[in-house]
Amino acid sequence: MNIAVCVKRVPDTETRIRIAANGREIVPDGVKHVLSPYDEFALEAALQLVEEAGVGEVTLLSHGPEATRESLRSGLALGAHRAVLLRGEPTMDGWATARVLAAELSGEEAGLVLFGVKAVDDDQQQVGPMVARLLGRPCATSVTEMEVGDGVVVCRRAVEGGQEVVEMDLPAVATLTKGKYEPRYASLRGIMMAKRKPLVEKDAAAVEPGLAVEGLEYPPPRPEGRIVGEGVEAVAELVRLLREEAKVL
Amino acid sequence: MREAGAEPGEGSRRMTDVLAVAETKQGVVAGVSREAVTVARSLADPLGGSVHVAVSGAAGDELAQWGADRIFRFGAGGGGAGGPDPFAAALAERIGARGYGAVVFAATSSGRDLAPRVAARLGVPLLADCTAAAVDDGAIVVVRPVFAGKALARVRALAAPALLSIRPNVLPARQAPREASVEALAGAPESPAGYRVVGFEASRGAALDVSEASIVVSGGRGMKGPENWPLLADLRDAIGETAALGASRAVVDAGWRPHAEQVGQTGKTVTPKLYFAIAISGAIQHLAGMRTSGVIVAVNRDADAPIFGVADYGIVGDAFEIVPKLAEAVRELRRG
Ligand SMILES: Cc1cc2nc3c(=O)[nH]c(=O)nc-3n(C[C@H](O)[C@H](O)[C@H](O)COP(=O)(O)OP(=O)(O)OC[C@H]3O[C@@H](n4cnc5c(N)ncnc54)[C@H](O)[C@@H]3O)c2cc1C
Ligand SMILES: Nc1ncnc2c1ncn2[C@@H]1O[C@H](COP(=O)(O)O)[C@@H](O)[C@H]1O
């Protein structure tokens with residue numbers, strides 16, 4: 001079975017975010033980019049499923065600026081077979097992104113299309129189920145573990161209070177969260193091989209966004225905190241403050 | 001209760017009404033649904049419309065207290081063995097047929113599973129996990145955290161209806177009693193194939209999910225090992241049923257606690273009224289998951305730990321000495 005994995009290039013979680021003078025974008029200089037961490041879980045899941053089956057290929061698909069090439073190469077170095085870059089600037093509109101990705105995926109023969117549960121820049125948690133709808137496939141979200149059976153895939157989902165088990169008919173879509181699939185590291189050989197793997201680029205279809213980002217702001221600083229004291233002697237005072245000043249106990 | 005069929009005035013699509021989608025658990029409406037109804041009310045009033053509530057199953061009457069004018073009970077199907085799609089399909093059909101200015105979901109884990117499915121059926125984006133929502137010049141404008149809370153984006157909905165989900169515990173519910181009508185609607189018009197819920201395993205111990213608790217007791221690597229978690233569990237028990245345990249990623253990666261308890265960028269986002277960070281350093285990815293908490297208390301033996309930079313109250317010292325004393329003091333307080 002072939003598997004497609006949708007991956008997004010996002011600022012590294014450690015990166016300091018600086019808002020540009022126009023108040024609508026972030027300053028790009030000095031921002032290190034990575035594959036969104038949840039997309040790495042999705043890629044790892046795809047690699048393990050294909051390795052277990054002994055057949056099939058993993059295709060990476062990303063919609064992003066030209067620099068996304070590097071991110072795709074890093075995914076190829078981990079073991080993906082080929083990559084497709086849909087050049088353009090993705091917006092916060094998940095429905096627009098979903099349409100761009102689905103247009104490419106509808107021609108694919110992938111039995112599974114995998115996503116991260118969320119991209120850690122915009123944190124919209126929506127592109128996966130939206131693409132599923134456009135492709136007319138069932139979709140399980142927040143998946144921690146998958147097993148492919150005869151025409152079906154059984155997924156474990158992280159839900160409030162436990163794990164839900166869902167069986168879907170193939171072809172299907174899933175969004176991955178942390179669970180069984182700890183991302184592997186690239187080997188030197190993987191990095192060398194990645195250079196020769198196919199990376200196809202095309203311009204993304206133009207779509208009208210259904211929302212507009214009007215401005216970015218820094219979150220209000222938290223009110224100045226205070227050290228109540230040192231050691232066990234401070235406990236009584238802390239509890240008093242929580243009770244009388246903060247009124248939360 | 002009457003059957004909602006041919007309603008008076010149903011032919012005219014009023015884009016001024018706002019629909020809140022309520023969530024139920026074992027037949028009881030979740031607390032966050034009141035917050036969703038309050039937000040719906042605050043949008044419907046300036047738009048000049050009324051507030052409708054959609055609920056799956058026979059629940060939700062009490063939402064009239066929080067500002068609902070009409071309550072629609074959808075037939076069985078939602079959240080059942082067919083997963084979220086049957087309810088999503090029924091909702092989308094209703095929203096499409098009736099016309100709404102906005103639809104408000106709760107950004108809980110089930111709300112985040114449901115809302116994008118409704119959005120895709122309506123062909124609009126979802127404004128997810130909002131911390132504020134208002135009407136500006138007739139349009140819905142929201143604020144939502146981006147880049148793991150390092151920035152807040154002000155976003156205007158251009159497509160109609162505006163679909164949004166609200167972050168729990170941020171926008172307080174307000175009483176606004178109404179005489180609401182309760183109407184039954186048929187279930188899903190289609191039963192989407194290919195998705196079957198075949199099992200559920202409750203996670204060990206956790207009665208209350210960390211993202212739903214109003215007080216969270218989180219432990220970090222400084223707790224040294226899983227054998228020391230009874231100390232934190234005892235503090236949680238001293239506080240009571242509204243409290244849940246959380247953990248840093250270092251703790252989860254070490255296998256001391258399940259991932260369901262992880263707070264942070266690759267775990268849960270929590271907004272309790274009180275958050276205890278015990279022996280947690282306060283890495284940026286941890287802060288991403290808890291910095292919008294009401295009050296933050298840090299206990300750390302390193303006075304320079306970054307967690308003190310966001311904490312409202314801190315104690316510098318050894319968690320192994322402080323936590324038992326804290327549990328004792330809370331119990332004393334409870335006894336009055
Ligand atoms: C992509 C990515 C995603 C991540 N996502 C998350 C996430 O979702 N959540 C998350 O938490 N982290 C996340 N991290 C990890 C994060 O960077 C930190 O490594 C992690 O939060 C550290 O956990 P900690 O504070 O428990 O441990 P440490 O940083 O080791 O801190 C332990 C603290 O305990 C204190 N201490 C030690 N002994 C005692 C004692 N006896 N009494 C009192 N204090 C004591 C120490 O002073 C120290 O401050 C992520 C990292 C990356 C790269
Ligand atoms: N521009 C993009 N290109 C490829 N995949 C994307 C893109 N944006 C989002 N995705 C995928 O959709 C998931 C959820 O993203 P989001 O809905 O934005 O939180 C991500 O984890 C990716 O798998």
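We name chains A, B, ... by the order of the sequence lines, and we start the count at 1 in each one. Just so we're clear, the structure is a prediction, and the values are computed from it rather than from any experiment.
Between the side chains of B:R112 and A:Q126, not a single donor N or O lies within less than 3.5 Å of an accepting N or O.
Heavy atoms closer than 4.5 Å to chain A are found nowhere in B:I140, neither backbone nor side chain. Neither the backbone nor the side chain of B:K268 comes within contact range of chain A, judged by heavy atoms closer than 4.5 Å. For B:V297, the part lying under 4.5 angstrom from a heavy atom of chain A is the side chain only. Only the side chain of B:D129 comes within contact range of chain A, with at least one heavy atom under 4.5 Å from a heavy atom of that chain. If you measure heavy-atom distances from A:C139 to chain B, the contacts under 4.5 Å come from both the backbone and the side chain. When heavy atoms are compared at a cutoff of 4.5 Å, B:Q265 approaches chain A by way of both its backbone and its side chain. Heavy atoms of B:A151 lying under 4.5 Å from chain A belong to its backbone as well as its side chain.
For a heavy-atom cut-off of 4.5 Å, chain B lies close to A:P11, A:D12, A:T13, A:E14, A:T15 in residues 8-16 of chain A. Near-neighbour residues of residues 94-102 of chain A relative to chain B, defined by a heavy atom under 4.5 Å from a heavy atom of that chain, comprise A:G94, A:W95.
At least one side-chain heavy atom of B:V146 sits less than 4.5 Å from a side-chain heavy atom of A:L216.
A salt bridge does not link B:R144 to A:D122: none of the charged side-chain nitrogens sits closer than 4.0 Å to a carboxylate oxygen.
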Inset, instruction - Test side chain to side chain contact (heavy atoms under 4.5 Å, CB included) on B:E201 and A:E164 and set out the steps. - result: CA-CA 6 Å; B:E201 287 165 26; A:E164 188 179 77; over 6 Å; no
